[in-house]
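Notes follow the structure.
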Protein chains: 2
Amino acid sequence: MPELAQQIKTKKQVVSEFRQSEIISAARKVFAEKGYMAATVDEIAAEAALAKGTIYVYFESKEQIYNAVLENDLDALRARTLEQIAAAGTAREKISAYVNARFKYCEERRDFFRIMYIEPSSSPVLSKAKAREWLREPVHQLAVAIESAIAKKLISPWPPELLAWTVADLTTGALQRRLAGTPTTTAREDADFLIEFINAALRPAQVEN
Amino acid sequence: MPELAQQIKTKKQVVSEFRQSEIISAARKVFAEKGYMAATVDEIAAEAALAKGTIYVYFESKEQIYNAVLENDLDALRARTLEQIAAAGTAREKISAYVNARFKYCEERRDFFRIMYIEPSSSPVLSKAKAREWLREPVHQLAVAIESAIAKKLISPWPPELLAWTVADLTTGALQRRLAGTPTTTAREDADFLIEFINAALRPAQVEN
DNA sequence: TAGACTGTTGACTGCTCAGTCATTTTTTTA
DNA sequence: TAAAAAAATGACTGAGCAGTCAACAGTCTA
């Protein structure tokens with residue numbers, strides 16, 4: 001009965017994945033609150049309403065849980081950002097799309113962003129270098145679009161990669177500030193300001209006649 | 001013999017301060033490498049070539065050592081940035097001064113910046129909120145200068161505080177990127193690009209005739 | 001329903017590390 | 001140079017926590 005075996009195995013996997021995602025959700029919350037080092041596996045277990053032993057059935061270590069949380073969310077963020085960028089037409093629109101995608105995702109997944117922005121890179125975990133790797137592709141897409149816009153003289157001739165990273169920095173900075181305090185402005189206002197600011201900088205210098 | 005007592009006490013204080021600053025230096029290095037949580041007092045002691053017990057003669061706790069490191073360096077950074085801003089004339093020059101002061105200090109005090117940019121805020125330590133407090137004043141000075149430049153129509157009419165924080169974000173972002181990887185550009189190039197970029201954005205929109 | 005099997009549990013173990021303090025070393029005083 | 005004072009030391013203690021595992025609970029099979 002190979003089909004049945006197949007069936008059983010699949011069911012098992014489904015349950016296992018469900019448990020894993022439950023644990024990841026609990027861990028995300030705890031890590032966002034305490035940071036990697038200060039968070040305990042007991043807390044994650046309590047948050048997930050499971051015993052510690054059960055956690056270790058589905059994950060090998062605290063570190064692996066942490067990596068699972070980050071990989072999961074970084075992957076989704078990357079996919080979404082790339083999607084939005086691809087859907088946009090001009091370089092300026094792609095930049096808007098980038099900024100907006102980040103702001104939106106940050107609102108939706110506050111805990112993930114807290115981990116991203118607040119976590120030390122020096123833990124024995126997925127380093128910020130690895131995380132940066134994940135963020136690289138969207139930024140690179142921006143750079144490509146910027147490059148061709150520069151060729152068409154639509155925007156000032158600056159190094160495209162540098163410009164793209166600058167857009168990323170502005171977005172990160174604004175989001176970090178929002179996460180750090182109680183923001184006095186709405187996310188929309190902040191995002192719009194950023195986009196306006198970037199567009200102003202990109203405006204090619206007026207040609208002297 | 002009050003003078004002698006005075007003398008003795010002063011000498012004691014001098015020695016004590018010397019020891020403290022030795023410990024702070026060692027701690028800065030270790031914290032920069034490992035982060036607050038992962039760093040151990042034993043490592044700091046080894047780095048300072050002292051026994052752990054001696055550390056506890058001059059500081060009450062690991063947390064206090066950490067705070068001493070940050071307060072010390074944040075204070076110097078703030079003072080220097082304010083100085084440079086004050087010395088500059090126009091708003092644009094003040095912005096340059098801000099960016100340059102940060103870049104310079106970052107080169108000089110790599111370890112401090114590593115702690116600043118890489119440390120979790122969630123440790124039971126001087127929070128990023130407190131650190132932000134320290135960074136607030138220079139940014140505010142920038143905002144003041146920007147405000148009056150806007151009044152003179154020298155730069156685009158955007159919210160001054162927001163603009164000032166944007167300058168800070170750009171600087172922080174660029175420095176973080178430099179610290180994260182092996183930079184392919186010089187600090188000068190990065191700083192100059194930033195300043196150019198900001199100036200381009202600040203350029204008032206050309207008036208249509 | 002007995003027995004086998006799968007998933008869950010939380011008390012327990014071993015290790016790390018912040019902080020202590022009785023002892024030793026160095027410096028000062030007389 | 002001997003006694004007293006100050007500074008430095010590092011072995012030790014207790015707390016906290018990652019990871020384990022023998023026992024238990026729930027589910028399926030014959």
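Keep in mind that this is a model prediction, so the values were computed, not measured. Each chain gets a letter, A, B and so on, in the order the sequences are listed, and its residues count up from 1.
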Whole angstroms only, please: what is the [atom1]-[atom2] distance between [X] and [N]?
| X | N | atom1 | atom2 | value |
| --- | --- | --- | --- | --- |
| Ile65(B) | dC17(C) | CD1 | P | 15 Å |
| Lys34(B) | dT16(C) | NZ | P | 13 Å |
| Phe59(A) | dT20(D) | CZ | C1' | 18 Å |
| Leu50(A) | dG26(D) | CG | C1' | 15 Å |
| Gln64(B) | dG19(C) | CD | P | 10 Å |

Using the closest heavy atom to pick a nucleotide of DNA chain D for each, name whichever of Arg19(B) or Gly53(A) lands nearer the 5' end. Arg19(B)

Does Arg136(B), at its CZ atom, have more than 12 non-hydrogen atoms belonging to other residues, nucleotides or ligands within less than 6.0 Å? no

Check the interface with nucleotides 15-19 of chain D: list each N/O to N/O pair with the protein under 3.5 Å, or write none.
from: dA18(D); atom 1: OP1; to: Ala39(A); atom 2: O; distance (Å): 3.3
from: dA18(D); atom 1: OP1; to: Lys62(A); atom 2: NZ; distance (Å): 3.2
from: dA18(D); atom 1: OP2; to: Val41(A); atom 2: N; distance (Å): 3.1
from: dA18(D); atom 1: N7; to: Lys52(A); atom 2: NZ; distance (Å): 3.0
from: dG19(D); atom 1: OP2; to: Tyr56(A); atom 2: OH; distance (Å): 2.9
from: dG19(D); atom 1: OP2; to: Lys62(A); atom 2: N; distance (Å): 2.9
from: dG19(D); atom 1: N7; to: Lys52(A); atom 2: NZ; distance (Å): 3.0
from: dG19(D); atom 1: O6; to: Lys52(A); atom 2: NZ; distance (Å): 3.0

Identified side chain to side chain contact (heavy atoms under 4.5 Å, CB included) counterpart of Pro138(B) within the set Arg80(B), Lys94(B), Arg102(B): Arg102(B)

Is the ring pair Phe193(A)/Trp158(B) parallel, tilted or perpendicular, if the boundaries are 30 and 60 degrees? perpendicular

In terms of side-chain heavy atoms of Tyr58(A), which of dT9(D), dT8(C), dG10(C) is nearest? dT8(C)

For Tyr36(B), is the NZ or CZ atom of Lys62(B) found under 6.0 angstrom from the centre of its six-membered ring and inside 45 degrees of the ring axis? yes

Decide, yes or no, whether a salt bridge links Lys52(A) with Asp42(A) under the criterion of side-chain N to carboxylate O below 4.0 Å. yes

For the backbone of Thr90(B) and the side chain of Glu93(B), can you confirm whether one donor and one acceptor N or O come within less than 3.5 Å of each other? yes

